[in-house]
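Comments concern the structure below.
Computed from a predicted model, the values in this text were never measured in an experiment. Chain letters run A, B, ... following the sequence lines, proteins first, then strands; residues in each count from 1.
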There are 2 protein chains.
Amino acid sequence: MNIYDIAKEAGVSISTVSRVLNNHPNVKKQTKENVLSVLKKSNYIPSSVAKSLVNKATKTIGVLASDIRHIHYANIAFTIEQKLSTYGYNVILCNTGNDKSKMKDYLRVLAEKQVDGVIMVGSIFSCDQTAESIQRYHSNTPVVMHNTSLRGDNIYNISSEEAYGIVLAVDYLVQEKGIKDIALVLDYDTPVVYQKHEIYREKLEEYGIPYLKKRVVRTQSGLSGGVAAIEDLTKHGVDFSAVIGCDDITSVGAMQQLEKYGRRVPGDVAVIGFNNTLFSQVSTPAMTVIDNKEEITGIMLSRAMGDVLSGQPISPQTLIYPELILRGTT
Amino acid sequence: MNIYDIAKEAGVSISTVSRVLNNHPNVKKQTKENVLSVLKKSNYIPSSVAKSLVNKATKTIGVLASDIRHIHYANIAFTIEQKLSTYGYNVILCNTGNDKSKMKDYLRVLAEKQVDGVIMVGSIFSCDQTAESIQRYHSNTPVVMHNTSLRGDNIYNISSEEAYGIVLAVDYLVQEKGIKDIALVLDYDTPVVYQKHEIYREKLEEYGIPYLKKRVVRTQSGLSGGVAAIEDLTKHGVDFSAVIGCDDITSVGAMQQLEKYGRRVPGDVAVIGFNNTLFSQVSTPAMTVIDNKEEITGIMLSRAMGDVLSGQPISPQTLIYPELILRGTT
DNA sequence: TTGTAGGCGTTATCAT
DNA sequence: ATGATAACGCCTACAA
C-alpha cells in the first residue's frame with residue numbers, strides 16, 4: 001500500500017496525496033477531506049526509507065557506548081533516547097565494548113545507514129582509531145562526544161570535568177577528615193583517567209603530601225575489580241585511610257573486601273564512589289560519591305545534537321562540573 | 001559520492017559496479033580489480049537507505065522495553081543488540097515506560113522506518129493496545145515478545161515462567177526453612193504478575209497454609225518501593241518471616257527497611273530477590289534470588305528473531321524456567 | 001561479460 | 001488548485 005494506491009482510490013494524483021500528507025497549503029478543502037477519508041480507511045503507512053532517500057535525512061541518531069549493562073551508561077543512553085525522541089529522532093544503540101575494530105565497524109554501518117548524527121558516550125572513544133573513522137565515515141555528520149578530547153569542525157564535546165571530582169574528594173578528605181594517605185583506583189587507560197591521576201598528584205603536592213605510586217591502583221570496573229584493588233593495595237603493604245574509586249560498583253567491591261580484612265568503613269577507611277548511581281545508595285552505609293550528573297549529561301548531549309541538527313549555533317566544548325555528595329562512608 | 005561516480009571513474013556501467021560491490025560472479029577478474037581499486041581510493045559509502053528501498057529490508061530491528069535504566073532490561077537489551085549485530089542487524093531502542101500511547105507511537109514509527117522485526121521485552125506489553133498496534137502496523141513484521149500472552153501468526157513468544165520461580169521459592173521456604181508466613185511483593189498489573197499471585201495462593205493451599213490477603217503487597221519497583229512494601233506490611237500489623245520480592249533492587253530496599261525495624265536478615269526474616277542482577281550480589285548479606293536467566297532470555301529472543309528472518313521454522317512459544325540461587329538472605 | 005532500463009516510494013519543480 | 005515528471009541511490013531482469 002503506497003501513495004499511488006491512495007491516489008487512485010481518491011481519484012487524484014500522487015502529488016495531491018503527498019500534499020495533504022505533509023499538510024501543505026494550497027489544496028482545496030474538499031479534496032483534502034476526500035483524501036483524508038481514503039487515508040483513514042486504508043491503513044496506509046508512509047515509508048520513511050523512501051522519504052529519507054529524497055530528504056537526505058533519516059531522523060535517526062547512532063549512539064555508541066561501551067556497554068549499557070553498566071548502569072552509568074544505561075542511565076545516559078536512556079536520557080539521550082528519551083530526549084531525542086521528543087525531537088522526532090530515534091536511536092540506534094551500539095555496544096562496542098572497548099574493542100577498537102568494533103567501534104570502527106559500527107561507525108561504518110551507521111554511515112551506510114545514513115544516520116543524521118552520532119553520539120559517543122565515554123572517554124573510551126577518545127582514541128586515534130575513532131578519530132580516523134569519524135574523518136572517514138562521518139566527515140559531514142555532526143558528532144557529539146562525551147568525555148573526549150577529539151577535535152574537528154563537526155565534532156562537539158560535552159565533558160564531565162571528572163578530574164575536578166578528584167579535587168573535591170581530596171580537598172574534602174584532607175581538610176575535613178584530616179586524611180593524608182588516600183588511595184586512588186583507576187580503570188581504563190584513557191585521557192580522562194590520565195587527568196584524574198595527574199590532578200590527584202597535584203593536589204597531594206599542594207597539601208605537601210608525598211605522592212606514593214603504589215597508592216594508585218589499576219583495576220577493572222566491577223565488583224570483583226574493587227575487591228582486586230583492595231587486594232592489590234594490601235598485598236603490597238600500602239597504607240591507606242581512604243579510597244577514591246573509579247566507579248560506584250567498584251567502590252562497593254572495595255568496601256566488601258575491606259570488611260573481609262576487618263577494616264571498618266568509615267571508621268578505619270573512608271570510601272568514595274564515582275557517578276552516584278543506585279549502587280551508591282544500596283551499600284551499607286550509603287556511599288559518599290562524586291556525582292557525575294548523568295541526567296544532565298544525557299540532556300546536554302541530546303540537546304547539543306538537536307541544536308546542531310536544527311541549525312542552531314552551539315559551542316564546540318561544554319563542561320559539566322561534578323559535585324561531592326556526602327553520605328555514610330566518609 | 002554514489003555508484004554513478006564510481007562507474008564513471010572506473011569507465012564501466014553502474015551494474016558492473018553494483019556487481020563487484022555485491023560479489024556477484026560473472027564479472028571479469030580484470031574489471032573487478034579495476035573497480036575495486038577505484039573504490040578503494042574514493043571512500044565511497046553505499047547507501048543502506050537506497051538498498052532498503054529496493055530490497056524491502058532495512059536490516060534493523062526495533063526493540064521496545066519499558067526502561068533500560070532498570071538493570072534487568074539493560075542486561076537483556078544488551079544481549080539482544082550484541083547477538084543481532086552478529087546476524088548483521090542493528091537495533092533501534094525504544095523506552096516506552098508503561099505509557100500505552102507511547103508504545104503505540106513507537107510501534108508506528110518503527111513501521112514507518114520499515115524495521116524488519118520488533119522485539120518487545122517485558123510483560124508490560126501484554127495488553128490490548130499493543131495487540132492492536134501490532135495488528136495495525138506490523139501485521140507483516142515478525143514480532144518476538146517476552147513474557148507476553150499475545151497471539152498472532154507473526155507473533156512469537158519467549159517467556160520466563162516467573163510463576164515457577166514462586167513455586168521454587170515457596171517450596172524452599174516451607175520445606176527447608178519451615179517458614180509459613182511468607183509475604184509476597186508485586187509490582188505491575190500484568191498477566192505475569194497475576195500468575196505469580198495465583199500460584200502463590202495455590203502453593204499455600206497445597207501446604208495447608210491459610211492465604212492472607214494482606215501478606216501480598218503492591219508497590220513500585222525500586223529501592224523506595226521495597227521500603228514502602230515493608231512499611232505497608234508493618235503498618236497493617238501483618239506477621240511475616242519471609243519476603244519474596246518482585247525485583248532485586250526492591251528486595252534490597254525491603255532489607256534496608258527491615259533493618260530499621262531491627263529485624264535481622266536472615267535471622268528474623270528471609271528475603272528473596274528476583275532476577276539475579278548485580279544488586280543481589282551487592283547487598284550484605286548477598287541475596288538469595290530467583291534467577292530469571294537474563295542472558296539466555298536475550299539470546300533466545302534474538303535467535304528467534306534471527307531464525308524467523310532467515311526463514312527457519314520456529315516455535316511460536318518457548319519457555320525459560322527460572323532457578324533458585326541460594327545465598328545469604330535465607 | 002557488460003550495459004540499458006525500469007522500479008522501489010517519496011518529495012519537489014514546473015506546468016497547466 | 002492540481003498533475004506530470006524528474007530526481008534520490010541502488011538492484012536486477014533483460015538485452016546485447
Side-chain angles (χ1 to χ4, degrees), chain A residues 1-36 38-39 42-60 88 108-116 137 140-141, chain B residues 1-36 38-39 42-60 88 108-116 137 140-141:
Chain A
M1 169 119 300
N2 59 28
I3 211 174
Y4 281 93
D5 300 319
I6 302 296
K8 187 184 298 175
E9 181 74 18
V12 296
S13 77
I14 60 165
S15 328
T16 313
V17 176
S18 179
R19 285 193 190 96
V20 343
L21 243 21
N22 297 286
N23 259 318
H24 275 267
N26 293 352
V27 40
K28 196 161 70 182
K29 203 164 192 172
Q30 188 140 95
T31 44
K32 179 169 184 174
E33 280 168 3
N34 173 29
V35 171
L36 241 28
V38 173
L39 240 23
S42 71
N43 86 320
Y44 157 78
I45 296 165
S47 164
S48 285
V49 354
K51 277 188 202 173
S52 295
L53 190 57
V54 21
N55 291 339
K56 291 174 172 320
T58 53
K59 287 292 183 178
T60 110
R108 171 168 184 121
V109 173
L110 291 175
E112 294 182 348
K113 295 215 166 163
Q114 316 276 102
V115 293
D116 296 342
Y137 303 127
N140 292 314
T141 319
Chain B
M1 169 116 305
N2 58 29
I3 210 175
Y4 283 92
D5 300 318
I6 302 296
K8 188 184 299 175
E9 181 73 18
V12 296
S13 75
I14 61 165
S15 342
T16 314
V17 177
S18 177
R19 286 192 190 96
V20 341
L21 243 22
N22 297 287
N23 258 317
H24 275 268
N26 295 351
V27 41
K28 197 161 67 183
K29 204 166 192 170
Q30 188 140 99
T31 44
K32 179 169 184 173
E33 280 168 2
N34 173 28
V35 172
L36 243 26
V38 173
L39 242 22
S42 68
N43 85 321
Y44 157 78
I45 296 165
S47 163
S48 285
V49 355
K51 274 188 204 172
S52 295
L53 190 57
V54 20
N55 292 338
K56 292 175 170 317
T58 53
K59 286 292 182 179
T60 109
R108 169 163 188 124
V109 173
L110 290 175
E112 294 182 349
K113 295 215 167 163
Q114 316 277 100
V115 293
D116 296 342
Y137 303 127
N140 292 313
T141 319

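In terms of heavy atoms, B/S52 sits closest to B/A57 at OG-O, 3.1 Å. Heavy atoms only, all atoms of each residue included: B/I3 and B/Y44 are closest at N-CE1, 3.8 Å. Closest approach of B/S13 to B/A7, counting heavy atoms only: C-CB, 3.8 Å. Between B/Q114 and B/T58, the shortest heavy-atom contact is O-OG1, 2.8 Å.
Note on B/E112 versus B/R108: salt bridge recorded, some NZ/NE/NH1/NH2 to OD/OE distance being below 4.0 Å.
Checked by atom type and distance alone, the side chain of B/T141 never pairs as donor or acceptor with a backbone atom of B/D116 at under 3.5 Å. A distance-only check finds a donor-acceptor pair linking the side chain of A/N2 to the backbone of A/Y4 [under 3.5 Å].
Residues B/K32 and B/L36 form a side-chain contact, since some pair of their non-hydrogen atoms from C-beta on lies under 4.5 Å apart. Taking the side chain as every heavy atom from C-beta outward, B/K113 and B/T60 never approach each other to under 4.5 Å. In this structure, A/M1 and A/S42 have side chains that are in contact, with non-hydrogen atoms separated by less than 4.5 Å.
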Please tabulate the protein-to-nucleotide N/O contacts below 3.5 Å involving nucleotides 1-3 of chain D, giving atom names and distances.
| residue | atom | partner | partner atom | Å |
| --- | --- | --- | --- | --- |
| D/dA1 | OP2 | A/N26 | OD1 | 2.8 |
| D/dT2 | OP1 | A/T31 | OG1 | 3.1 |
| D/dT2 | OP2 | A/K28 | N | 2.8 |
| D/dT2 | OP2 | A/T31 | OG1 | 2.9 |
| D/dG3 | OP2 | A/S13 | N | 2.9 |
| D/dG3 | OP2 | A/S13 | OG | 3.1 |
| D/dG3 | OP2 | A/T16 | OG1 | 2.5 |
| D/dG3 | N7 | A/R19 | NH2 | 3.4 |
| D/dG3 | O6 | A/R19 | NH2 | 2.6 |

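The overall bend of the helix from C/dT1-D/dA16 to C/dT16-D/dA1, read as the angle between its terminal helix axes built from five base pairs each, is 50° when rounded to 10 degrees.
Here D/dG9 presents its P atom at 16 Å from CG of B/L39, a figure rounded to the nearest Å. Rounded to whole Å, atom C1' of D/dC8 lies 11 Å from atom CD of A/Q114. The interatomic distance linking A/I3 (CD1) with D/dA4 (C1') rounds to 14 Å, in whole Å. When rounded to the nearest whole Å, the span between CG of B/L53 and C1' of D/dC11 equals 10 Å. Atom NZ in B/K56 sits about 13 Å away from atom P in D/dT12, given to the nearest Å. Between the P atom of D/dG9 and the CE atom of B/M1 lies a distance of 11 Å, rounded to the nearest Å.
With a heavy-atom cut-off of 4.0 Å to chain B, the contacted part of DNA chain C has its first and last nucleotide at C/dT1 to C/dG9.
Within 6.0 Å of CG in A/N140 there are 12 or fewer heavy atoms belonging to other residues, nucleotides or ligands.
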